[in-house]
Peer 1: 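Below you'll find the structure I mean.
For the numbers below, each heavy atom of this structure counts, side chains included, while hydrogens, waters and symmetry mates do not. Please read these numbers as outputs of a predicted model, since none were measured by experiment. We name chains A, B, ... by the order of the sequence lines, and we start the count at 1 in each one.
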There are 2 protein chains.
Amino acid sequence: MTTTTTPRVLEHPTRDRIRLEEVLHALSDAVRLRIVRELAREETELSCSYFDLPVTKSTTTHHFRVLRESGVIQQTYQGTTKLNCLRRSDLDALFPGLLDSVLAAAGAQAVREEEGARRPGPGGPEGEPA
Amino acid sequence: MTTTTTPRVLEHPTRDRIRLEEVLHALSDAVRLRIVRELAREETELSCSYFDLPVTKSTTTHHFRVLRESGVIQQTYQGTTKLNCLRRSDLDALFPGLLDSVLAAAGAQAVREEEGARRPGPGGPEGEPA
DNA sequence: CTCGTAGTTTGACAGGTGTCGTACTACGAT
DNA sequence: ATCGTAGTACGACACCTGTCAAACTACGAG
């Protein structure tokens, strides 16, 4: 046999074991949200090293694992690189509309933050909260 | 002077300070998700003691505070009780569709879990995850 | 005033989280 | 066989989180 060493298996939860709380928790981190947004934008599989994240390699590994174990992404080895993609069909089947509204919300917030950074006015026109 | 003691102020983030990551984190806990679901079902303001939660009073206080500080709920004192309601308009304006899809997802998952509990079959008809 | 009820505060505690650095493994290319 | 690159594992660390119990505060009723 050619494979005497570890076969490089990656544990993924089956669709029925994906839990909403864990998915929301996975998405509640800025770094992971960024990964998910890029994964959604480019519709192909992306390697971990594709991302330019503000953390070290080991932290990156950690975040990708959280995403995988919560069922948000699917990971497969291709030689020495690991390819990542969103589990769109599973997520859409379990939680219809959730992923899209989170992505839209993240996009909207990113735009809002960019605008806020461009306009250095201190006490801008802020409507009081109801 | 009627108010010599603490005026019982409750800090809420203004709409523009509500952050998606914090909202998702607030919703990623089972107890808090339950609170939010009930708050959405009954459309009126509910007191903290209305909820029958599997935790002590102090833990309940903690969860309500997380929900309030993340901008998910609005709390107001009415005498000795505290009334809670969802900040629907703020959330819908900031993150259109998000709250509804989370609520729908939570509902769907609850149904799925009830069915799973009712059907004690071990390896039931579970579609493999793609 | 006294009491009960609704909720808060504080301190404690076990366990989780995000982060890093360093050492390691797996694979492809030379 | 050797080397470089992509990613992992491990230990460490500060911090956050969910939980509780016990003591406390605020308010309304009697």
Peer 1: Below the 4.0 Å mark, does C:dG7 have OP1 or OP2 next to a side-chain nitrogen or oxygen of B:Arg65?
Peer 2: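 It does not, given that no N or O in the side chain of B:Arg65 lies less than 4.0 Å from OP1 or OP2 of C:dG7.
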
Peer 1: In whole Å, I'd like the distance from the CZ atom of A:Arg32 to the C1' atom of C:dG16.
Peer 2: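 So the two atoms are 12 Å apart, to the nearest Å.
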
Peer 1: Quick one: does B:Val111's side chain get under 4.5 Å of B:Glu115's, heavy atoms only?
Peer 2: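 With C-beta onward as the side chain, the pair touches.
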
Peer 1: Between atom CD in A:Gln78 and atom C1' in D:dA6, what is the gap in whole Å?
Peer 2: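 Value for this atom pair: 13 Å.
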
Peer 1: What is the distance, rounded to the nearest whole Å, between atom OH of A:Tyr77 and atom C1' of D:dT5?
Peer 2: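 Atom-to-atom, A:Tyr77 to D:dT5, this comes out as 14 Å.
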
Peer 1: What's the CD-P distance between A:Glu69 and C:dG16, to the nearest Å?
Peer 2: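 Distance, rounded to whole Å: 13 Å.
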
Peer 1: Could you check A:Arg88 against A:Asp100 for salt bridge (Lys or Arg N to Asp or Glu O under 4.0 Å), going step by step and ending with a plain yes or no?
Peer 2: CA-CA 10 Å; A:Arg88 272 216 97 99; A:Asp100 282 324; 2.5 Å; yes

Peer 1: Any non-hydrogen side-chain atom of A:Thr60 less than 4.5 Å from a side-chain atom of A:Phe51?
Peer 2: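 Not in contact.
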
Peer 1: Between P on C:dG21 and NE2 on A:His62, what's the gap in Å once rounded to a whole number?
Peer 2: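 Rounding to the nearest Å, NE2 of A:His62 and P of C:dG21 are 16 Å apart.
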
Peer 1: Where along residues 41-60 of chain A does a heavy atom fall under 4.0 Å from DNA chain D?
Peer 2: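 Result for residues 41-60 of chain A: A:Ser47, A:Cys48, A:Ser49, A:Lys57, A:Ser58, sorted by number.
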
Peer 1: Nearest heavy atom decides the nucleotide; on that basis, is B:Leu10 or A:His25 closer to the 5' end of DNA chain C?
Peer 2: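 The residue closer to the strand's 5' end, by nearest nucleotide, is B:Leu10.
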
Peer 1: Heavy atoms under 4.0 Å, any strand shown: does B:Thr61 hit a base, just sugar-phosphate, or nothing?
Peer 2: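 It contacts base atoms.
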
Peer 1: How close or far is atom C1' of D:dT17 from atom CD of B:Glu22, stated in whole angstroms?
Peer 2: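 Those two atoms, CD and C1', are 14 Å apart.
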
Peer 1: Taking A:Arg112 for its side chain and B:Leu94 for its backbone only, find out whether a donor-acceptor pair lies under 3.5 Å.
Peer 2: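 Yes: the side chain of A:Arg112 pairs with the backbone of B:Leu94.
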
Peer 1: In whole angstroms, how far is the C1' atom of C:dG18 from the CD1 atom of A:Ile35?
Peer 2: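 Atom CD1 in A:Ile35 sits about 13 Å away from atom C1' in C:dG18.
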
Peer 1: Would you please confirm or rule out a distance under 4.0 Å between OP1 or OP2 of D:dT19 and any side-chain N or O of B:His63?
Peer 2: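 Affirmative; the distance criterion is met.
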
Peer 1: Within the structure provided, determine whether B:Leu99 and B:Val23 are in side-chain contact (heavy-atom separation under 4.5 Å).
Peer 2: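 When only atoms from C-beta onward are counted, B:Val23 and B:Leu99 do not touch, as no gap falls below 4.5 Å.
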
Peer 1: Pairs of donor and acceptor atoms involving the side chains of residues 101-108 of chain A, under 3.5 Å and at least two apart or interchain, shall be tabulated with distances.
Peer 2:
| unit_1 | atom_1 | unit_2 | atom_2 | d |
| --- | --- | --- | --- | --- |
| A:Ser101 | OG | A:Gly97 | O | 3.0 |
| A:Ser101 | OG | A:Leu98 | O | 3.0 |
| A:Ser101 | OG | B:Ser101 | OG | 2.8 |

Peer 1: How close or far is atom P of D:dG18 from atom CZ of B:Phe64, stated in whole angstroms?
Peer 2: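 Between P of D:dG18 and CZ of B:Phe64: 14 Å.
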
Peer 1: Do A:Thr76 and A:Leu10 have side-chain heavy atoms sitting under 4.5 Å apart?
Peer 2: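 A side-chain contact is absent here, since even the closest heavy-atom pair is not under 4.5 Å.
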
